[in-house]
Amino acid sequence: MTDNIDTSAGPERAQLAALRARPHAEVLIIGGGINGIGTFRDLALQGVDVVLIERNDWSSGASAASSHMIHGGIRYLENGEFRLVKESVGERNGLLRIAPHYVKPLPTTIPIFSTFSGITTAPLRFLTHKQGRPKERGAALIKIGLSIYDSFSRGGGVVPRHRFVGRRRSLAALPKLNPDVKYTATYYDGSLVNPERLALDVLLDGIAAGGEKARAVNYTEAIGTADGKVRVRDNVSGDEFDISADVVVNATGPWTDLTNQALGAPTQFMGGTKGSHIVVDNPELLRACAGRELFFEHKDGRIVLVYPLHGKVIIGTTDLDQDMTKPVEITEDEIDYFFDLVRDVFPTIPVDRSQIVFRFVGVRPLPRHDDTQPGFVSRDYRIVDSPIPGLGATKVLSLVGGKWTTFRALGEQLSNAVLERLGRPRRFSTAGVPIGGGLDYPTTKAGKAQWVARHAASVGSERGHVLLNRYGTKAKDLIVAIGTDDAPLASLPEYSRGEIGYVARTEHVVHLIDVITRRTTIAFRGLITGAAARELADVVAGELGWDEDRKAQELQQAQAELQARHGVTIAVDAA
Ligand SMILES: Cc1cc2nc3c(=O)[nH]c(=O)nc-3n(C[C@H](O)[C@H](O)[C@H](O)COP(=O)(O)OP(=O)(O)OC[C@H]3O[C@@H](n4cnc5c(N)ncnc54)[C@H](O)[C@@H]3O)c2cc1C
């Protein structure tokens, strides 16, 4: 083992140094997706000494691949998952209140092409172990589902109830919709406008709450066991060291079985399915959506979506069995499938490959499902005791499943299981506790203007609104920190050197790609170019002390990852 850690490079590596100096905690959580992060925050708030490690960047697994919906999961009703839907609707309502900067009301429209179809087969599918191809869901069935859905929201009072309209009014509101439509049903869910930043806010809240007792390090991987401890590797330096804990939580999502295997006790809990999305720059399609998500049944009976976000349109998704030992990739067939589904709902709007600005893919951490079709596998989660002989008396819990929407409730339940094993009481619930820049976030136009006048005078009103929108009320700290250093980047004028420098310094940035894809929406919105990557690399290098070699390596790595994971080509050689 070597000992060559550069602790000057931002708070993230300082956290690594703190972990190496005291490699013990009451609880070690492995996996920094939203569920590991949510559990970390909950435990930190209870005063538990907790460590979280993530082998890549925060929220770079399934948590970066979602359809960006904070939703009750209306379609899970036909699977009979009433508990999950009820909990999800409650969590959706809660997140609209505690994270209003990143979870916004999302009008969702279902175009319907028949009246009674599916009314008998949907309940039957639930009773017959979810077999067979779903029959088209008609208006009557959807009406029943939405009424149940609304009833779960009763008392929540956060979003309006659903409404049904006939063909004429549907086409008046959405003129480009397929004219065969008979009705549309519109209801509200939540739009997760920036998943990676919301997860980061949850993480930073946990660290702030726990201080020295809440340590979180990305790019650090659990690779095995040694003398009753978990062996980990710092994926930046390659150094290995051991961490001991009273309880270990395996929250590695779709990799849960592989992690248990690496720790020496293989399990067969998981049966993840792959889902892909593309993001297109198509102004006509964007206008046709009229600010709503279109959520509908494709020819094969699967529920798919066309969803406007950040001035672009997300099209998704697929649901295909995935072997986690193999690469997770988007295929050309999936892309053809996406174009096909757009043609079904907006038949006159042309879509093609030249409009794709970003692609993303991930694996849902679903339970093993043997004979059940992927679309009908339970989306509910469970917590399983999964002892690891190599860890001696350490208790080990594996998380199986868990959606984005339910991360707070899941974190609380997983944390309860941990507290029970530690013999410690819960201090309080995280329900209702604001998250990060959602604290005191103004949701009205007048409230925003007031906030900007009060906290953003130094950067001007227009820029103040941009920063409030981007960081929530945490923009206040950023504005103070950047002072007058807010000159726009030449290649990305809506970002400034001061802003990117602040992000690099304070938000656990380890690699350039973290900034391009997860701390900002630069790549998602198709704004990344070779020149922009070079300019961002200059700023980050200045903050993190990278030399020219490291900067060149980071540019190459960002280029390769953008190409392989997101189908985005940039030229990074010096201009
Ligand atoms: C296509 C798709 C669409 C979805 N749409 C929605 C949606 O609209 N709404 C919704 O609520 N949910 C949605 N989901 C589900 C949701 O995104 C996931 O269930 C959730 O993000 C899972 O979070 P997680 O923390 O459990 O797993 P992950 O986010 O995968 O986190 C696990 C982490 O563990 C890390 N890891 C693995 N092995 C190790 C190791 N040995 N050491 C350290 N770290 C390790 C990984 O790098 C990863 O970051 C969707 C999922 C997919 C794939």
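Numbers here simply count residues along the sequence, with the first being 1. Indexing begins at 1, ligand by ligand and atom by atom, following the structure's order.
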Q: Identify, by atom number and element, the atoms of ligand 1 in contact range of Gly253, meaning under 4.0 Å from any of its heavy atoms.
A: 26 (O), 27 (O), 32 (C)
Q. Quick check: does Thr220 get an N/O under 3.5 Å from an N/O on ligand 1?
A. no
**Q.** Region of Val363 that comes within reach of ligand 1 [heavy atoms, distance under 4.0 Å]
**A.** backbone
Q: Say whether Ala65 and ligand 1 are in contact under the criterion: heavy-atom distance to a ligand atom below 4.0 Å.
A: yes
(Q) Just checking His310 against Phe524, ring centres under 6.0 Å apart? (A) yes
Q: Tell me which one of Asn260, Thr252, Leu305, Thr259 gets a heavy atom nearest to atom 45 (C) of ligand 1.
A: Thr252
Q. Roughly how far apart are Glu420 CD and Leu397 CG, rounded to 0.5 Å?
A. 9.5 Å
Q: Classify the side-chain pair Thr406/Ser88 by whether it contains a donor and acceptor separated by less than 3.5 Å.
A: no
Q. What are the atoms of ligand 1, with element, lying closer than 4.0 Å to any heavy atom of Ile30?
A. 40 (C), 42 (N), 43 (C)
**Q.** Closest protein heavy atom (residue, atom, distance) for atom 19 (O) of ligand 1
**A.** Gly402 O, 2.6 Å
Q. Can you tell which of Thr39, Leu43, Ile37, Leu45 makes a side chain to side chain contact (heavy atoms under 4.5 Å, CB included) with Arg41?
A. Leu45
(Q) Check contact between Lys274 and ligand 1, using heavy atoms of the residue and a distance below 4.0 angstrom. (A) no
Q: Take Asp340 and Lys299, measure what salt bridge (Lys or Arg N to Asp or Glu O under 4.0 Å) needs, and give me the verdict at the end.
A: CA-CA 9 Å; Asp340 198 38; Lys299 289 194 222 33; 2.9 Å; yes
Q. Considering only protein heavy atoms, which is closest to atom 31 (O) of ligand 1, and at what distance to one decimal place?
A. Gly33 CA, 3.3 Å
Q: Evaluate salt bridge (Lys or Arg N to Asp or Glu O under 4.0 Å) for Arg20 paired with Asp234, printing each intermediate quantity in order.
A: CA-CA 10 Å; Arg20 293 194 65 166; Asp234 167 9; 5.6 Å; no
Q) Which residue and non-hydrogen atom of the protein lie closest to atom 47 (O) of ligand 1, and at what distance in Å? A) Glu54 OE2, 2.7 Å
Q: Could you say whether the N/O atoms of Thr317 and ligand 1 ever approach to under 3.5 Å?
A: no
Q: Output the list of atoms in ligand 1 that are nearer than 4.0 Å to some heavy atom of Pro365, sorted by atom number.
A: 18 (C), 19 (O), 22 (C)
Q: Could you list which atoms of ligand 1 come closer than 4.0 Å to a heavy atom of His68?
A: 8 (O)
Q. Which protein non-hydrogen atom lies closest to atom 11 (O) of ligand 1, naming both residue and atom, and how far is it?
A. Thr405 OG1, 2.7 Å
Q: For atom 42 (N) of ligand 1, find the nearest protein heavy atom and state the residue, atom name and distance (0.1 Å precision).
A: Ala222 N, 3.1 Å
Q.
Does ligand 1 come near enough to Asn35 that some N or O of the ligand is less than 3.5 Å from an N or O of the residue?
A. yes
Q. Using 4.0 Å as the upper bound for N to carboxylate O, is an ion pair formed by Arg379 and Asp319?
A. yes
Q. How close does the nearest protein non-hydrogen atom get to atom 9 (N) of ligand 1, and which residue and atom is it?
A. Met69 O, 2.7 Å
Q: Return a yes/no value for Ile34: is any of its N or O atoms, backbone included, closer than 3.5 angstrom to an N or O of ligand 1?
A: yes
Q) Of all the atoms in ligand 1, which lie at a distance below 4.0 Å from a heavy atom belonging to Trp255? A) 30 (O), 37 (C), 46 (C), 48 (C)
**Q.** ligand 1 atoms in contact with Ala251 (distance to a heavy atom under 4.0 Å)
**A.** 32 (C)
Q | Which residue and heavy atom of the protein sit nearest atom 51 (C) of ligand 1, plus the separation | A | Arg364 CG, 3.6 Å
Q.
Can you tell me how far apart CG (Asp57) and OG (Ser63) are? Round to the nearest 0.5 Å.
A. 11.5 Å
Q: Distance to 0.1 Å, residue and atom name: give those for the protein heavy atom nearest to atom 17 (O) of ligand 1.
A: Ala62 O, 3.3 Å
Q.
Within ligand 1, which atoms have a heavy atom of Asn56 less than 4.0 Å away?
A. 47 (O)
Q: For a side chain to side chain contact (heavy atoms under 4.5 Å, CB included) with Val50, tell me which candidate from Val249, Asp42, Val247, Ile29 qualifies.
A: Ile29
Q | Aromatic ring proximity His277/Tyr307, centre distance under 6.0 Å | A | no
Q: Could you grab the distance from atom CZ of Arg519 to atom OG of Ser59, nearest 0.5 Å is fine?
A: 8.5 Å
Q: Tell me which one of Ala199, Ser66, Ser88, Ser191 gets a heavy atom nearest to atom 14 (N) of ligand 1.
A: Ser66
Q | ligand 1 N/O within reach of Trp404 N/O, cut-off under 3.5 Å | A | yes
**Q.** Interatomic spacing from OG1 in Thr318 to NE2 in His298 - rounded to 0.5 Å
**A.** 11.0 Å
Q) Does a donor on one side chain and an acceptor on the other come within less than 3.5 Å for Tyr337 and Asp300? A) yes
Q | SB check Glu332 Arg353 (cutoff 4.0 Å) | A | yes
Q. Which ligand 1 atoms does Ser67 reach within 4.0 Å, using its non-hydrogen atoms?
A. 3 (C), 4 (C), 5 (N), 6 (C), 7 (C), 8 (O)
Q | Electrostatic pair Arg421:Asp385 at N-O distance under 4.0 angstrom | A | yes
